[in-house]
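Heads up, the thing below is written out as structure tokens.
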Amino acid sequence: MALKDRVPLGPWGPLGVLVDPMTWRAAPYLLVSGVIGLLWYLVLALTIPSSLVLSAVWVGVPLSIATVLLWRGGARLERRLLRLAFGIGIADPYRPRPERGLGAHVQWLLKDPATWRDLGYLLMLLPLGFVEAVVSFAMWMGTAGLLLAPVLYPLEQGADGSGYFVEDWAGAWVAGLFGVLLLVLSAYLARGMAWLHGTLATVLLGGGEEERLRASRARGIDAAEAERRRIERDLHDGAQQRLLSVAVDLGRAQSKFDSDPETVRELIAQAHAGTKAAIAELRNLARGIHPAILSDRGLDAALSGLAARAPIRVDVSVELDERPPPAVESIAYFIVAESLANMAKHSAATEASVAVIRDRRGVVVDVWDNGIGGATVVPGGGLAGLADRAATIDGMLLVHSPMGGPTIVRAELPCEW
């Protein structure tokens with residue numbers, strides 16, 4: 001079965017929203033979002049007018065800069081909270097920081113459109129969070145009241161045997177059944193509000209298309225530079241040192257060629273072994289840059305080779321009518337390779353699958369495993385490196401890995417066919 005058929009509802013069908021951890025991670029945030037919005041409104045209502053009024057004297061200038069940094073820091077924090085609560089990853093869309101100069105830094109802060117979208121989002125949190133908090137409180141209190149009706153009925157019976165809210169045991173159990181129904185509806189409503197909030201946050205906190213493309217290209221350049229440094233380091237520390245040792249052995253052999261033939265044979269044998277080791281390291285390095293099987297036989301054969309080397313059974317499905325461009329093939333290959341390597345190290349999975357399909361925009365790569373989950377994209381980590389690889393062609397990497405699993409890594413790689 002293809003991976004895309006496993007994802008939407010999970011093993012519990014329409015009731016899967018009740019057992020999905022994401023529902024219960026979103027619910028607390030929605031309950032307190034109004035308080036968060038109120039706190040930010042009070043902070044900004046105090047600092048922004050104060051800094052503008054004091055701008056007439058010198059103390060207002062650093063206060064204004066500090067205010068801007070404050071709300072940008074609040075937006076960064078909100079992105080992290082949204083990742084925990086809603087499972088959506090919103091990358092910081094800010095323009096690159098200048099290397100030096102106070103004036104350049106001030107212009108960097110004030111001319112970046114993301115700065116003002118951050119402010120708009122924090123101000124929007126008050127009305128949006130108020131609605132979310134009121135609706136959430138009402139629906140969860142109503143759900144709790146109905147669910148607990150059979151428990152509370154004996155405790156609140158009046159002198160005539162009737163309760164304050166229900167008149168008899170039949171009414172209490174009917175209320176409990178309605179509570180179960182309301183629980184399901186409340187869970188769906190919470191997910192709906194989370195989706196709406198996440199969509200608005202993605203638009204405001206994630207930046208527009210221009211900023212996203214600029215950020216993705218910058219990450220792609222950084223990833224290419226990091227890859228160049230890695231290759232340079234591997235050549236310097238590995239093959240170059242071995243070849244230097246071979247040259248030294250051959251030089252010593254040449255100097256002893258007439259006087260000590262036995263030592264010459266040993267030195268030549270060492271040089272031969274060193275040469276073979278250097279060739280093996282160069283071959284491994286070349287495989288890390290671009291595996292030969294990928295060039296010769298395509299993505300299906302290359303991914304099947306990765307699956308065959310995995311410690312568990314990995315199902316591979318590649319549904320492509322024709323071969324994508326070499327850059328897309330290479331990125332897809334390394335995303336699968338890194339995902340399977342992470343799975344083998346950390347997930348304790350017993351089953352995995354790889355699915356590659358074509359959609360209207362390009363290639364979609366899904367890697368699924370039934371491990372313990374908990375995988376996150378952190379700066380400098382392996383998944384962040386995969387996201388940077390995808391960014392080189394304006395692609396994106398999505399990770400869904402709740403605690404307890406399963407883990408799904410999806411890469412969307414646009415390309416022209």
CA sep, side-chain torsions, deciding dist, call: D321, R358, side-chain contact (heavy atoms from CB on, under 4.5 Å)
CA-CA 8 Å; D321 298 333; R358 173 181 175 178; 4.3 Å; yes
Run the side-chain contact (heavy atoms from CB on, under 4.5 Å) test on L303 and Y333 for me, step by step, so that the C-alpha distance in whole Å, both residues' side-chain angles and the decisive distance to 0.1 Å come before the verdict.
CA-CA 7 Å; L303 297 185; Y333 174 86; 4.2 Å; yes
Report the C-alpha separation of R323 and D300 in whole Å, then their side-chain angles, then the decisive distance to 0.1 Å, and conclude whether the salt bridge (charged side-chain N to carboxylate O under 4.0 Å, His left out) test is met.
CA-CA 10 Å; R323 291 185 62 171; D300 195 354; over 6 Å; no
Assess whether salt bridge (charged side-chain N to carboxylate O under 4.0 Å, His left out) is satisfied between R410 and D366, documenting all intermediate values.
CA-CA 5 Å; R410 167 168 291 187; D366 283 324; 2.6 Å; yes
Show your working on salt bridge (charged side-chain N to carboxylate O under 4.0 Å, His left out) between R191 and D20 and close with a plain yes or no.
CA-CA 10 Å; R191 292 297 291 267; D20 189 344; 3.1 Å; yes
For I48 and L119: C-alpha separation, side-chain torsions, deciding distance, then whether side-chain contact (heavy atoms from CB on, under 4.5 Å) applies.
CA-CA 11 Å; I48 292 178; L119 177 60; 3.9 Å; yes
Pair W116-W71, side-chain contact (heavy atoms from CB on, under 4.5 Å): steps then yes or no:
CA-CA 9 Å; W116 306 104; W71 83 55; 3.7 Å; yes
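Looking at every heavy atom in both residues, S401 comes nearest to T407 through OG-OG1, 2.7 Å. Nearest approach of R25 to P28, heavy atoms of both residues: O-CD, 3.5 Å. Smallest separation of non-hydrogen atoms from G374 and M403: CA-SD, 3.4 Å. Closest heavy-atom contact between A187 and L18: CB-CD2, 3.7 Å. In plain terms, the two heavy atoms of A190 and L30 that are nearest each other are O-CD1, 3.5 Å. Counting all heavy atoms, side chain and backbone alike, L31 lies closest to W140 at CD2-CD1, 4.3 Å.
Atom CG in L42 sits 10.5 Å away from atom OG1 in T47 (nearest 0.5 Å). Interatomic distance, CG of L126 versus CG of L44, reported as 10.5 Å (0.5 Å rounding). Taken to the nearest 0.5 Å, the OG atom of S304 stands 10.5 Å off from the CG atom of D315. Atom CG in L81 sits 6.0 Å away from atom CD1 in I36 (nearest 0.5 Å). To the nearest 0.5 Å, atoms OG (S317) and CD1 (I357) are separated by 9.0 Å. Note: L70 CG to S51 OG = 10.5 Å, rounded to the nearest 0.5 Å.
Put simply, the side chain of V354 reaches to within 4.5 Å of the side chain of V336, judged on heavy atoms. Counting heavy atoms from C-beta on, the side chains of P127 and V131 never come closer than 4.5 Å. Side-chain contact between R117 and L205 is absent, with no heavy atoms from C-beta onward closer than 4.5 Å. Side-chain contact check for S339 versus L386: some heavy-atom pair is nearer than 4.5 Å. Looking only at side-chain heavy atoms (C-beta outward), E412 and V363 stay at 4.5 Å or farther from each other. You'll find the side chain of V135 stays beyond 4.5 Å of the side chain of E132, heavy atoms only. Side-chain contact between I90 and R83 is absent, with no heavy-atom pair separated by less than 4.5 Å. Between Y121 and V203, every side-chain heavy-atom pair lies at or beyond the 4.5 Å cut-off.
A side-chain contact (heavy atoms from CB on, under 4.5 Å) with L82 holds for exactly one of T202, I88, L77; it is I88. The only member of L185, V184, L183, V180 that meets side-chain contact (heavy atoms from CB on, under 4.5 Å) when paired with T143 is L183.
Surrounding CH2 of W195 are at most 12 heavy atoms belonging to other residues, nucleotides or ligands under 6.0 Å away.
Relative orientation of the Y29 and F86 rings is perpendicular, given thresholds of 30° and 60° on the angle between their planes.
Checked by atom type and distance alone, the side chain of N370 pairs as donor or acceptor with a backbone atom of T350 at under 3.5 Å.
Judged purely by distance below 3.5 Å, without hydrogens or angles, the side chains of S347 and N342 never pair a donor atom with an acceptor atom.
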